[in-house]
Structures are given as structure tokens and as C-alpha cells.
Amino acid sequence: MDIKENYNTIKNQLLEGVELVAVSKTHPVSAIQEVYDLGQKVFGENKVQELMEKYPLLPKDIQWHLIGHLQTNKVKYIAEFIDTIQSADSEKIVLEINKEAGKHNRTIKVLLQVKIATEDSKFGLEITEAKDLFQRYINGEFSHVEITGLMGMATFTEDKEQVKREFLTLKKVFDELNQLKKLDTLSMGMSDDFPIAIECGANSVRVGSAIFGRRDYSK
Ligand SMILES: *Cc1c(COP(=O)(O)O)cnc(C)c1O
């Protein structure tokens with residue numbers, strides 16, 4: 001598995017203006033450094049513990065994105081350095097991020113994670129909840145949080161039409177909210193479905209295994 005070749009292949013498939021978040025979870029610091037050396041600056045991790053172990057060992061200009069469900073009691077560990085939390089999936093977590101960012105006198109970028117998969121996915125806001133939270137944000141309730149967009153994961157299925165429908169659902173919500181206040185980021189698509197996501201309007205994709213190879217969870 002040649003990381004450099006994988007990385008270049010993915011980069012070549014991305015339209016101009018589509019951001020790549022390289023999802024490095026379970027992969028060693030050496031692999032992340034290799035991709036960084038190819039020019040990649042944005043990396044995604046899904047566990048706070050793992051991110052905290054890797055963070056001190058890697059260049060400080062990496063923009064770290066948290067992409068996994070975040071427990072409120074762990075926000076404090078990443079509040080000082082996290083660039084974007086893509087997985088804001090409850091009112092509680094937005095309030096906590098706001099509080100911890102305030103302690104460090106900074107603003108943390110947040111994507112509202114919306115439940116679009118029909119499968120029984122545990123995490124994500126209902127569309128109405130996301131709209132409510134965004135309205136409260138517009139009203140100035142969260143001064144240390146910048147809601148820059150939305151994140152969604154499609155159902156894990158071979159049915160491309162279903163995946164497309166789910167992505168288009170989120171695109172519609174994105175367009176609606178974008179009318180109320182300008183948004184930057186629609187994060188949809190992973191290794192298996194990012195071309196569909198881009199077709200449906202994603203301007204940020206989260207790609208892991210297609211760059212780093214398969215994840216080994218036994219280690
Ligand atoms: C692991 C993960 C990805 C990347 O998955 P791949 O299939 O390896 O590209 C993207 N988004 C989230 C939320 C993830 O947890």
C-alpha cells in the first residue's frame with residue numbers, strides 16, 4: 001500500500017474547491033507525517049484520547065478536525081488546539097464547546113452533525129434540531145463557537161440511489177441555513193462514497209482508508 005500514490009489519486013479526483021480531510025484514526029504518527037510532507041494540512045481523528053497522543057508529536061500547523069462523537073467531559077482536553085469539531089450532535093455539546101473555547105479565549109469552528117442515514121445511527125441531530133440550534137447561534141447565543149457548516153454520513157449500503165438521496169437531503173438543509181447566515185462547509189463523503197457526495201454538493205470530504213489503507217482495530 002503506497003500512501004503517496006493513494007493520496008495523489010484522491011487529490012486528483014477532487015474538484016477544485018473541495019477540501020480533503022485526511023482521516024488518520026488508528027494510523028501511526030509516521031503515516032500522518034508522510035501525508036503531511038506531501039502538503040496535507042487537515043487531518044481528522046475520531047477519538048480524543050488518540051488525538052491527544054498524536055497531537056504533540058506532529059507539526060503545529062496541522063488543522064485537527066474531530067469527526068467522532070464527543071463526550072462533554074472530554075471537550076476540555078482538546079479545546080486549546082482543535083480547529084474544527086465536525087461532530088456536534090447535541091445542544092449539550094455545543095454549549096460545552098462554547099464554554100471551553102471561552103476559557104481559552106478562542107473560537108472553535110463547529111459543524112452540526114445531522115442524522116441523514118435511515119439506518120439506526122446513534123448520533124446526529126434531527127434536521128429540526130439542527131435548524132433550531134443554528135437559529136440560536138444566529139441570535140448570538142454561542143459566542144465562542146463558529147458554526148461553519150454541516151456534516152452528515154450516509155447509510156452504509158450498496159444502494160447508490162439511497163446514498164444520493166440522503167446526501168441531497170443534507171444539501172437542501174445546507175442551502176436553507178446558508179440563506180439565513182453564510183456557511184462554508186458541507187462535509188459529506190468518505191472513501192467509498194465521496195464522488196457521490198461531491199456530485200450532491202459536498203465541498204469537504206473525509207477520506208481515511210483510501211489514503212492510509214485499511215484500519216487494523218486489533219492493535
Ligand atoms: C472513519 C471515518 C471516516 C473515514 O472513513 P473511510 O471509509 O476510511 O474513508 C469519515 N468520517 C467519519 C465520521 C469517520 O468516523
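Each ligand, and each atom within it, is numbered from 1 in the order the structure gives. Worth saying up front: this structure is predicted, and the values here are computed from it rather than measured.
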Aromatic plane relationship, Trp64 with Phe43 - under 30° parallel, 30 to 60° tilted, over 60° perpendicular: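 The rings of Phe43 and Trp64 sit tilted, inter-plane angle from 30° to 60°.
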
Side-chain donor-acceptor contact under 3.5 Å, Ser187 with Gln86: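 Short answer, yes.
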
Contact atoms of ligand 1, heavy-atom distance to [X] under 4.0 Å:
| X | answer |
| --- | --- |
| Ser209 | 6 (P), 7 (O), 8 (O), 9 (O) |
| Met153 | 13 (C) |
| Ser191 | 6 (P), 7 (O), 8 (O), 9 (O) |
| Gly208 | 4 (C), 6 (P), 8 (O), 9 (O) |
| Val207 | 9 (O) |

Would you check if [X] and [Y] make a side-chain contact, meaning some heavy-atom pair closer than 4.5 Å?
| X | Y | value |
| --- | --- | --- |
| His27 | Arg215 | yes |
| Tyr137 | Asn98 | no |
| Met151 | Arg206 | yes |

Looking only at protein heavy atoms, identify the closest one to [atom] and say how far it is in Å.
| atom | answer |
| --- | --- |
| atom 13 (C) of ligand 1 | Ile67 O, 3.4 Å |
| atom 15 (O) of ligand 1 | Lys25 NZ, 2.7 Å |
| atom 4 (C) of ligand 1 | Arg206 O, 3.7 Å |

Non-hydrogen atom of Arg215 closer than 4.0 Å to ligand 1: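 Distance cut 4.0 Å: Arg215 passes for ligand 1.
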
Test log, rule side chain to side chain contact (heavy atoms under 4.5 Å, CB included), inputs Val114 and Ile127: CA-CA 6 Å; Val114 179; Ile127 290 171; 3.8 Å; yes

Distance-only N or O hit between ligand 1 and Met190, under 3.5 Å: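 Among all N and O atoms of Met190, none is under 3.5 Å from an N or O of ligand 1.
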
Lys/Arg N to Asp/Glu carboxylate O, Glu96 vs Lys76, below 4.0 Å: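 No, no charged N to carboxylate O under 4.0 Å.
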
